[in-house]
Amino acid sequence: MSRVYNFSAGPAVLPEEVLREAAEEMMDYRGCGMSVMEMSHRSKVFDEIIKEAEADLRELMNIPDNYKVLFLQGGASQQFAAVPMNLMKNKKAGYIITGQWAKKAYQEAKLFGEAVELASSADKTFSYIPDCSDLPITEDMDYVYICENNTIYGTKFKELPNTKGKDLVADVSSCFLSEPVDVSKYAIIYGGVQKNVGPAGVVIAIIREDLITDDVLPGTPTMLKYKTQADNDSLYNTPPCYGIYICGKVFKWIKNMGGLEVMKQKNEEKAKILYDFLDESKMFKGTVAPEDRSLMNVPFVTGNDELDAKFVKEAKAAGFENLKGHRSVGGMRASIYNAMPKEGVEKLVAFMKKFEEENA
Ligand SMILES: *Cc1c(COP(=O)(O)O)cnc(C)c1O
């Protein structure tokens, strides 16, 4: 068996310990004679898996009792619709446009009401986070929406926007569990888990309870109503059982490591190795305003498309996979999620140094 260093933006690298444990339990989950993939979602065994996963997540993120944790499907993209359907009582909400995912959410919200662009960093290819200290938020807005970590462009909100008392909704797909968060500052935190937490197919939504009501937009499908999912503890229909089981293992892996404080330290250390190199390199340049740099997604360029392509090709041959930048940006992007070992980043930087010398 040989594993590469996988810098994919998502689906992405998972902890080896988790994959090994899942492999060991594949044929016979803890003496029940079947795989978790094969068991009823109503069984006692699965009930324990999902309850334990939720309890561990609550502990890790210190989630207050007045928030529900939902394990959903449909990807983060389905929440682009579910959020307005459940929250847009006044049919008006504010969106901060910091990249493609925020823009898609904003466009989807327009199907349901008035989505107002409060700020945008489109003028500089989303390479920074706009000033959000005094946004044109009006009294009739139902919520303010952000994409907290911009997977494609490599920016992250280091400070939450001043929402002037309005509920904050955040897509945290690519920074989920990468550092501690104060859940009480949000109305909804949600993310697809395939970036930093588990396999594709699960979306986790953490929602303040008073927002979970029958008062949703007319025509909201039963499945997209948060109340349906909350009333049934995420078991209204068959949930993505195997994905939830793997997420549970990742929660335990983070807990065993010391929790989100430790995770953050490790992520800062890793990111610093790469950013420090980009800051001193004559060939490779980071593309993001230094104060807004993501700990998770690090885009960089040489400024020469042919050289970029050569780098990606040679890196792949050397065991560094998925370094090609998003199709909309070009260049390179190294996603260095929780499960990317420090050694992987060190070796990547060593490879970049060598490439720079050879191609100077
Ligand atoms: C990947 C990603 C999405 C889209 O996720 P899907 O699960 O494919 O719908 C949305 N938002 C962010 C921030 C992402 O990184």
Side-chain angles (χ1 to χ4, degrees), residues 6-14 70-85 95-109 111 115 120-122 125-130 143-158 160-161 168-179 181 186 188-206 223-224 229 234 239-240 242-244 246-247 250 267 287-288 292-299 322 324-329 333-340:
N6 179 8
F7 294 92
S8 170
V13 58
L14 287 169
L70 304 181
F71 295 96
L72 307 172
Q73 305 190 58
S77 303
Q78 190 162 78
Q79 295 305 309
F80 298 169
V83 166
M85 285 181 140
Y95 280 72
I96 301 171
I97 315 293
T98 53
Q100 284 201 15
W101 296 120
K103 196 168 164 192
K104 282 191 171 161
Y106 163 71
Q107 282 164 341
E108 191 75 4
L111 298 174
S120 167
S121 50
T125 332
F126 301 116
S127 59
Y128 69 103
I129 299 290
Y143 59 89
V144 172
Y145 182 100
I146 62 169
C147 176
E148 193 160 332
N149 184 79
N150 295 281
T151 325
I152 296 172
Y153 300 94
T155 58
K156 159 111 206 290
F157 281 82
K158 299 292 162 77
L160 294 176
L168 178 66
V169 176
D171 172 358
V172 298
S173 294
S174 50
C175 59
F176 221 150
L177 302 180
S178 62
E179 55 185 280
V181 287
Y186 302 79
I188 299 181
I189 301 181
Y190 79 87
V193 304
Q194 74 272 26
K195 308 290 161 70
N196 206 21
V197 185
V202 183
V203 174
I204 297 174
I206 302 162
M223 279 283 291
L224 292 192
Q229 304 289 354
S234 305
Y242 197 79
I244 293 168
I246 298 290
C247 289
V250 172
N267 287 329
T287 58
V288 167
D292 300 323
R293 284 169 166 173
S294 165
L295 291 180
M296 299 279 99
N297 311 99
V298 184
N322 293 314
K324 197 170 185 299
H326 188 268
R327 58 189 187 279
S328 68
V329 199
R333 171 178 50 173
S335 294
I336 49 175
Y337 294 119
N338 287 352
M340 172 58 64

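Whatever order the structure lists them in is the order used to number ligands and atoms, beginning at 1.
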task: Could you name the protein residues that come within less than 4.0 Å of ligand 1, counting only heavy atoms, and order them by chain and residue number?
output: G75, A76, S77, F80, W101, C147, N149, T151, D171, S173, Q194, K195
query: Would a 4.5 Å heavy-atom cut-off, applied to side chains only, mark T98 and F157 as touching?
result: yes
query: Ignoring hydrogens and geometry, is there a side-chain-to-backbone donor-acceptor pair from K158 to R293 under 3.5 Å?
result: yes
task: Without swapping roles, check the side chain of R333 against the backbone of T151 for a donor-acceptor pair under 3.5 Å.
output: yes
Let me have the donor-acceptor pairs involving side chains of residues 192-205, under 3.5 Å, with sequence neighbours excluded, atom names and distances please.
unit_1	atom_1	unit_2	atom_2	d
N196	OD1	N338	N	2.9
N196	ND2	F176	O	2.8
N196	ND2	N338	OD1	3.4

Residues which pass side chain to side chain contact (heavy atoms under 4.5 Å, CB included) with L160, listed by chain and number, not counting sequence neighbours: I146, E148, L168, K185, Y186
task: List for me each residue that meets side-chain hydrogen bond (donor to acceptor under 3.5 Å, both in side chains) alongside Y153, sequence neighbours excluded, and say none if there are none.
output: none
